[in-house]
Amino acid sequence: MPLYDCMLLLKPHVKKEAMMDLVAKVGKHVYRKNGVLTDLKSFGTVQLGYGIKKLDGRYYQGQLMQMTVMTPPSLNNELHYLNKEDRLLRWLLVKHRDIKFGFDLLGEDDDGKAELSKFRSNMYEEEEEDDDDDDDDDDDDEYNTNEAETKKV
Amino acid sequence: MKIVRGVLRTANACLSRYSSHHRTFSALPNFAPDDKQSTNSFESAEDFERRIFGDSAGNRPSPNSFFRKLDDAEKSYDRSSMGSTFSSGNRSSILDGLDESFNTLSDGMDGKLKEAASYFQVDPDEVDKEDYAYRADMTFWPGNTYELKDLDLRKPGVRKPKKMVEFETTTEEVLRKADFRNVRFLANFITEAGILHKRSKTGISAKAQRKIAREIKTARAFGLMPFTTMGTKHFVFGRTMEDLDADYEYEMYDPNYVDSEAGREPF
């Protein structure tokens with residue numbers, strides 16, 4: 001079974017509980033196929049390259065999650081239900097690759113220092129939390145990104 | 001310094017000797033000032049002529065004649081100034097014989113001018129001064145390199161443009177870091193309008209360029225990078241692409257400005 005990265009880009013105001021609920025759903029699919037969830041990583045709130053238009057407005061930020069799973073390649077087909085998930089802006093299943101960047105480099109000698117030097121004083125500033133509840137709108141993406149990049153192995 | 005000072009002293013000495021000659025030189029047979037009054041009053045016209053032009057009877061001028069004395073004074077001055085290095089060169093012995101009268105060529109000014117032109121006052125504390133520059137006609141920007149000929153003060157300075165801080169990368173770095181999640185790295189490969197840089201600009205291999213292009217396109221589809229920013233603002237990693245009022249304000253320099261947006265996310 002190959003390793004996959006399941007990237008989930010959620011709307012910025014989605015709460016932790018709702019996020020974990022979504023991750024648990026994907027995890028259930030993985031376990032049903034005798035797969036393993038090897039890593040779970042949150043990238044926090046990221047700035048998007050353009051405003052993603054959903055039914056409830058344009059989103060310029062998103063919360064990024066990465067699930068590293070070891071499953072049979074048929075997982076991709078089962079994840080298509082995520083298209084209807086209204087908490088999601090984008091999702092993507094790619095093959096896992098051994099690429100390090102950002103904080104992963106902190107343990108290493110040269111690049112880790114370069115990463116740290118990019119940070120300024122107020123990196124620990126609190127993100128303000130929106131208390132909006134999710135609207136029950138259907139997803140209406142301008143761009144469909146639901147094709148996994150991978151081929152069956 | 002010492003040599004120059006010594007030369008100056010000798011030059012001054014010979015000048016003063018010259019001026020003393022000049023002072024004592026007069027149109028009188030003997031140079032004692034007390035005799036001057038008495039001889040001057042009893043002198044006849046013939047005596048005066050004889051004194052000035054020498055004896056008209058003999059071909060050889062008498063040693064007491066005015067012009068003879070003038071010549072003597074001239075020669076003694078030349079001999080004394082022979083010791084000074086500056087005035088010895090520009091005075092030929094042939095000219096001495098021909099030079100009957102005292103003219104501007106032989107008044108020692110040549111030597112003085114030459115000395116002034118070849119003398120440069122050295123300030124040993126110059127380096128510690130506030131506005132000291134080894135090459136005032138050149139600006140060495142940080143990051144610029146210079147060759148040996150740039151430091152040669154005999155040649156005119158060539159102004160070089162300031163080196164712009166540009167993103168540089170290698171093929172190995174690209175292959176190691178390129179990933180659609182690594183937006184901070186990928187953002188270096190798009191222009192202000194959001195299109196890909198050509199390979200000749202970054203100098204990476206074709207393989208690395210294909211990888212970069214693939215990752216940027218994946219990131220675009222995933223929403224992390226813009227398809228185009230033409231007509232909107234430049235995409236900078238960690239900054240929102242939202243249309244903000246602040247984007248339309250005039251840019252002002254704020255010395256206390258801290259970039260709060262850039263580099264906040266580890267992603």
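Every chain is numbered from 1, with letters handed out A, B, ... down the list of sequences. All heavy atoms count here, side chains included; hydrogens, waters and symmetry mates do not.
Within a 6.0 Å radius of CE in Met1(A), other residues, nucleotides and ligands contribute more than 12 heavy atoms. Under a cut-off of 6.0 angstrom, the local environment of OH in Tyr146(B) is sparse, with at most 12 non-hydrogen atoms contributed by other residues, nucleotides or ligands. Annotation: Met20(A), atom CE; neighbour count of heavy atoms from other residues, nucleotides and ligands within 6.0 Å is above 12.
Under the 4.5 Å side-chain criterion, counting only non-hydrogen atoms from C-beta, Glu242(B) is in contact with Gln61(A). Counting heavy atoms from C-beta on, the side chains of Val46(A) and Val183(B) never come closer than 4.5 Å. The closest side-chain heavy-atom distance from Phe222(B) to Leu64(A) is below 4.5 Å. Under the 4.5 Å side-chain criterion, counting only non-hydrogen atoms from C-beta, Arg97(A) is in contact with Asp179(B).
Within the 4.5 angstrom heavy-atom criterion, no atom of Ala219(B) approaches chain A. Heavy-atom distances place the side chain of Asp5(A), and not its backbone, under 4.5 Å from chain B.
Heavy atoms only, all atoms of each residue included: Leu48(A) and Met241(B) are closest at O-CG, 3.4 Å. Considering every non-hydrogen atom in both Gly49(A) and Pro226(B), the closest pair reads O-CB, 3.2 Å.
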- Criterion side-chain contact (heavy atoms from CB on, under 4.5 Å) on Arg181(B) and Gln66(A), from CA distance to verdict: CA-CA 10 Å; Arg181(B) 284 155 285 194; Gln66(A) 176 186 317; 3.1 Å; yes
- Query: So Thr218(B) and Leu92(A), side-chain contact (heavy atoms from CB on, under 4.5 Å) or not? Walk me through it.
  - Reply: CA-CA 10 Å; Thr218(B) 308; Leu92(A) 187 67; 3.9 Å; yes
- Can Val94(A) and Phe180(B) be said to form a side-chain contact (heavy atoms from CB on, under 4.5 Å), step by step? CA-CA 10 Å; Val94(A) 292; Phe180(B) 73 96; 4.0 Å; yes
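Of the possible polar contacts, none joining the Tyr50(A) side chain to the Leu224(B) backbone as a donor-acceptor pair under 3.5 Å is found.
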